[in-house]
Amino acid sequence: MFCQVVFDVPLDRTFDYAVPPDLQNRVRPGVRVTAPFGPRLTTGLVVKTADSSAFPDHTLIKEIACVLDEQPVFGSDLFALADFIKRTWGGPIGQILFALVPPQAYFKLTDPDPLPQQGFIPPVLTLNKEQMSVFERLNARMNAGFHRVLLSGADEAGQSQIALRLAAEALQGCGQALMTLPDVLAAQNLAQKLRPLFGADYVFGWHSKMPLSQKKKVFSRVSNALPCLIVSARSGGLLPFKNLRLAVMLEEENDNYKQEENKPYFHLRDLLAQRCRQHEALFVAASDTPSLEALHAANQGKSEEIVLPAAQDAVQTKVTPKKGERSALLSDFLLRQLQENLQNGQAALVILHRRRYSNAYYCLNCGAYAKCKKCGAILAREKNEKGEDFLLCKKCGHKESTQQTCPQCQNKIFKSRGGGTQKIVSELNKIFPQARILRLDSDTLKNKDGQGHAVRRALDSAEADIVVGTRQALDAVLSPRVTLAAVADADLELDSPDFRASEKFGQLLFKLKDRLCSHLTPRLVIQASSEDIYPFEALHASYAACAREELLARESFAYPPFVQMVKVMLKSKDLTLLQAETARVMSAAAPFCAETLGPVRTGKKTDIYKKQYVLFKAAEGQYAALVAALDGLKPSKKTDFKLIADPYDFY
């Protein structure tokens with residue numbers, strides 16, 4: 001007897017092994033084994049068994065050493081799910097399978113804790129008339145086969161309540177439910193909040209960096225098909241559900257749901273849709289500002305859209321310059337509003353999508369940034385070895401003189417300034433020394449005792465007056481004390497090589513408006529170099545109307561969701577080899593492409609590795625073939641490339 005085994009290595013192939021007679025009754029597809037791989041024993045996964053091997057000399061085939069599992073740790077959908085991930089996003093089959101199955105030999109399923117004798121007691125969750133109507137519609141679909149639903153509308157709190165009510169129904173029917181949030185911290189906080197409500201025996205948090213002992217407990221619970229509610233970030237979509245009845249994806253539009261840092265690459269929205277299709281479960285993607293991909297799927301009839309009624313818009317919106325007499329970073333109008341909030345004992349939030357300090361070069365007259373003439377990215381002011389100033393594009397490495405002419409107002413006087421969250425905090429501390437100012441970005445969330453973790457509690461207990469942060473600070477607006485929100489630099493939000501920049505900026509503004517509208521005297525201030533950089537008048541309409549306009553623009557320029565796109569990032573120390581490899585990749589993709597964009601150089605010119613990427617727009621019906629063609633390419637010697645299907649990162 002022989003078996004084909006894959007390993008958690010970047011090799012897209014299987015390896016043949018002989019099965020000793022005493023292990024033949026235990027070896028079957030889906031179980032883990034240890035087998036000699038190179039100089040050591042390594043954990044592998046059996047994908048197929050056979051009576052013979054294609055290898056000509058059977059005497060040279062090594063034997064597996066032992067079988068680790070009595071039964072497969074994943075469900076019967078393991079290989080179908082792995083095949084879906086490979087066809088959609090590419091990647092070595094071994095690494096895909098071992099993202100679904102634990103690679104550690106000592107990771108064994110444990111006997112789950114017994115359930116309470118009284119069974120699951122559903123919590124009391126109050127819904128208003130509109131929410132109850134939506135819940136009843138969705139509940140009727142939960143046990144009627146696969147359904148994909150987009151739950152939209154400005155009532156974000158209502159979406160969460162409906163999702164929890166649906167999860168309670170799934171648990172009451174002895175099913176399993178999954179609820180995801182964009183980041184680990186939010187998922188942990190929600191799981192902690194739900195345990196007293198649903199019972200600690202039924203609610204479990206999950207994320208990839210959990211201690212192994214906790215992972216075993218949760219993994220075993222799910223794998224044994226016991227009723228449970230899993231609250232997680234995107235990695236929860238890879239758990240071995242056996243009786244999945246419901247999957248809810250909160251804040252569906254968030255980019256964090258796309259995994260591009262580690263293999264396997266996937267987008268949770270498409271992954272959960274596939275898993276719910278396999279389990280004949282209900283998939284709900286919920287957002288007050290849905291992604292254009294989700295809206296397009298609804299328009300095409302691939303999902304059903306249910307809209308919750310929005311609250312009446314009472315938010316005062318004001319677009320102001322990016323500087324004033326008292327500050328080069330904050331307008332006089334914004335400072336007056338902040339002063340008014342401090343006097344009234346109310347809190348404020350300032351959003352800026354850049355951390356720490358910065359040295360961007362901007363027009364002193366209108367505030368527009370100096371941009372790279374090659375790639376359009378914002379230029380930064382730097383000094384060379386002689387101490388001379390020059391402008392550097394951090395994206396493509398292009399250098400320019402500090403003598404610039406503003407393309408908007410023709411002014412020739414420019415100045416560098418810091419515009420990160422840390423700099424904004426320093427500026428506010430000087431202007432309002434009595435104010436209690438907190439910063440919330442990835443830097444302040446790195447450590448458990450970082451001040452970013454205490455922001456919401458400090459706001460609710462009146463221990464913070466102003467919060468400055470990146471988009472991670474958006475949840476601060478949920479505090480009823482926050483009546484003023486400001487976007488410190490609209491130009492920075494829009495000046496991006498990402499074709500989704502306008503969509504993301506619109507989502508940010510509407511999300512701020514929606515969360516402010518239930519507060520007293522809600523105000524939204526947007527600082528911009530000009531009112532012409534974005535159709536701000538659209539804020540007086542609905543998000544749906546704004547999204548329709550953005551969809552028309554995407555369709556006219558043939559960008560997702562109307563076409564499918566693949567990105568290939570290439571790198572090499574040798575620029576000549578890099579160009580040759582790029583040409584080879586473009587040649588392999590050409591038969592399946594409608595359009596090729598690039599190559600685009602990225603990184604600094606001083607980097608040891610030279611990098612550039614190419615974007616391919618798949619021809620109609622050729623996306624799977626394009627992914628397969630590029631996924632099958634092996635990098636040439638001294639070069640490397642990374643295939644990212646459906647890319648979200650363009651830096």
So is K617 actually on top of Y559's ring, under 6.0 Å and inside 45° of the axis?
-> yes
Is there a donor-acceptor pair closer than 3.5 Å between any side-chain N or O of Q337 and the backbone N or O of A348?
-> no
Given side chains that start at C-beta, do those of T596 and V614 come closer than 4.5 Å, heavy atoms only?
-> yes
With rounding to the nearest 0.5 Å, note down the distance linking CG in L428 to CG in L338.
-> 6.5 Å
Does atom NZ of K371 have more than 12 heavy-atom neighbours from other groups under 6.0 Å away?
-> no
Between V307 and L150, is a side-chain contact (heavy atoms from CB on, under 4.5 Å) present by the stated rule, with each step listed?
-> CA-CA 8 Å; V307 183; L150 171 62; over 6 Å; no
Between the main-chain N or O of T180 and the side-chain N or O of Y257, is there a donor-acceptor pair closer than 3.5 Å?
-> yes
Where the side chain of E293 meets the backbone of P560, is there a donor-acceptor pair that is under 3.5 Å apart?
-> no
Audit row: E253, R269, salt bridge (Lys or Arg N to Asp or Glu O under 4.0 Å) steps and yes/no = CA-CA 9 Å; E253 81 287 353; R269 179 180 56 243; over 6 Å; no
Scan for salt bridge (charged side-chain N to carboxylate O under 4.0 Å, His left out) pairs involving residues 532-545, sequence neighbours excluded, and state none if there are none.
-> none
side-chain contact (heavy atoms from CB on, under 4.5 Å) between L352 and T470, intermediate numbers included = CA-CA 5 Å; L352 180 64; T470 58; over 6 Å; no
With distance as the sole criterion, is a donor-acceptor pair present between the side chains of Q612 and T582 under 3.5 Å?
-> yes
Between Q159 and G153, which heavy-atom pair has the shortest distance, and what is it?
-> NE2-O, 3.1 Å
Under the salt bridge (Lys or Arg N to Asp or Glu O under 4.0 Å) rule, what do D255 and R500 come out as? Steps first, then yes or no, please.
-> CA-CA 10 Å; D255 284 1; R500 294 184 177 93; 5.9 Å; no
Closest non-hydrogen contact found for L524 with L516 is CB-CD1, 4.4 Å
Report the distance from atom CD of E555 to atom CG of L552, rounding to the nearest 0.5 Å.
-> 7.0 Å
Check: R234 side chain, K258 main-chain N or O, donor-acceptor pair, under 3.5 Å = yes
Is a donor on one side and an acceptor on the other found under 3.5 Å between the side chain of R523 and the backbone of A485?
-> no
Can you name the residues that form a ring pair (Phe, Tyr, Trp, His ring centres under 6.0 Å) with F510, not counting sequence neighbours?
-> Y543
Keeping the roles fixed (side chain from E400, backbone from K373), state whether a donor-acceptor pair exists under 3.5 Å.
-> yes
For K430, all residues meeting side-chain hydrogen bond (donor to acceptor under 3.5 Å, both in side chains), sequence neighbours excluded | none
Rounded distance [0.5 Å steps], CG in L643 versus CH2 in W89 | 12.5 Å
Partners meeting side-chain hydrogen bond (donor to acceptor under 3.5 Å, both in side chains) with S529 (sequence neighbours left out) = D491
Measuring from K567:NZ to F616:CZ, what's the distance to the nearest 0.5 Å?
-> 12.5 Å
With side-chain contact (heavy atoms from CB on, under 4.5 Å) as the test, would you mind laying out the steps for T639 and L570 before giving the verdict?
-> CA-CA 7 Å; T639 64; L570 304 102; over 6 Å; no
What closest approach, in Å, do A488 and V350 show between heavy atoms, and which atom pair accounts for it?
-> CB-CG1, 4.0 Å
Considering non-hydrogen atoms only, spot the tightest contact between N256 and P182 and give its length.
-> CB-O, 3.2 Å
Heavy-atom distance under 4.5 Å between the side chains of Q434 and L342, does that happen here?
-> yes
Sequence neighbours left out, cut at 3.5 Å: what donor-acceptor pairs do the side chains of residues 326-335 make with other protein atoms?
{"from": "S327", "atom 1": "OG", "to": "L329", "atom 2": "N", "distance (Å)": "3.0"}
{"from": "S327", "atom 1": "OG", "to": "L330", "atom 2": "N", "distance (Å)": "3.1"}
{"from": "S327", "atom 1": "OG", "to": "E427", "atom 2": "OE2", "distance (Å)": "2.9"}
{"from": "S331", "atom 1": "OG", "to": "T320", "atom 2": "OG1", "distance (Å)": "3.1"}
{"from": "S331", "atom 1": "OG", "to": "L334", "atom 2": "N", "distance (Å)": "3.2"}
{"from": "S331", "atom 1": "OG", "to": "Q527", "atom 2": "OE1", "distance (Å)": "3.4"}
{"from": "D332", "atom 1": "OD1", "to": "E325", "atom 2": "N", "distance (Å)": "3.0"}
{"from": "D332", "atom 1": "OD2", "to": "E325", "atom 2": "N", "distance (Å)": "3.3"}

Answer with yes or no whether the side chains of S287 and E251 bring together a donor and an acceptor at under 3.5 Å.
-> no
State, with a plain yes or no, whether a side-chain heavy atom of V585 is found less than 4.5 Å away from one of L633.
-> yes
State, yes or no, whether a side-chain contact exists between V482 and R515 at a heavy-atom distance under 4.5 Å.
-> no
Indicate yes or no: at least one non-hydrogen side-chain atom of T289 is less than 4.5 angstrom from one of K504.
-> no
Salt bridge (Lys or Arg N to Asp or Glu O under 4.0 Å) between D574 and K610, intermediate numbers included | CA-CA 7 Å; D574 189 317; K610 312 302 178 184; over 6 Å; no
Are Y623 and V566 side-chain neighbours, meaning at least one heavy-atom pair lies under 4.5 Å?
-> yes
Just checking, any donor-acceptor pair under 3.5 angstrom between side chains of S502 and E550?
-> yes
Heavy-atom side-chain contact between M249 and L268 under 4.5 Å | yes
Does the side chain of L509 come within less than 4.5 Å of V487's, by heavy atoms?
-> yes
Which of I533, I526, L492 passes side-chain contact (heavy atoms from CB on, under 4.5 Å) with F505? Answer is I526
Is the closest side-chain donor-acceptor distance between T483 and N341 under 3.5 Å?
-> yes
Can you name the one residue among L292, L551, L508 that meets side-chain contact (heavy atoms from CB on, under 4.5 Å) with E503?
-> L292
For the residue pair E260 and Y648, what are the closest heavy atoms and their distance?
-> OE2-N, 2.6 Å
Contacts of A625 meeting side-chain contact (heavy atoms from CB on, under 4.5 Å) (sequence neighbours excluded), chain-then-number -> F592, Q622
Within 6.0 angstrom of K642 NZ, more than 12 heavy atoms from elsewhere | yes
Correct closest heavy-atom pair for Q507 and S291 would be NE2-CA, 3.8 Å
Pair Y534 + F536: ring centers closer than 6.0 Å = yes
Gap between atom OG1 of T521 and atom CG of L484 - 0.5 Å precision | 9.0 Å
Are the side chain of E581 and the backbone of D640 linked by a donor-acceptor contact shorter than 3.5 Å?
-> no
R471 with E493: basic N within carboxylate O range, under 4.0 Å = yes
E620, CD: over 12 other non-hydrogen atoms inside 6.0 angstrom | no
Determine yes or no for a side-chain-to-main-chain donor-acceptor pair under 3.5 angstrom, with N344 supplying the side chain and E340 the backbone.
-> yes
Gap separating the CG atom of L626 from the CD atom of Q564, nearest 0.5 angstrom = 9.5 Å
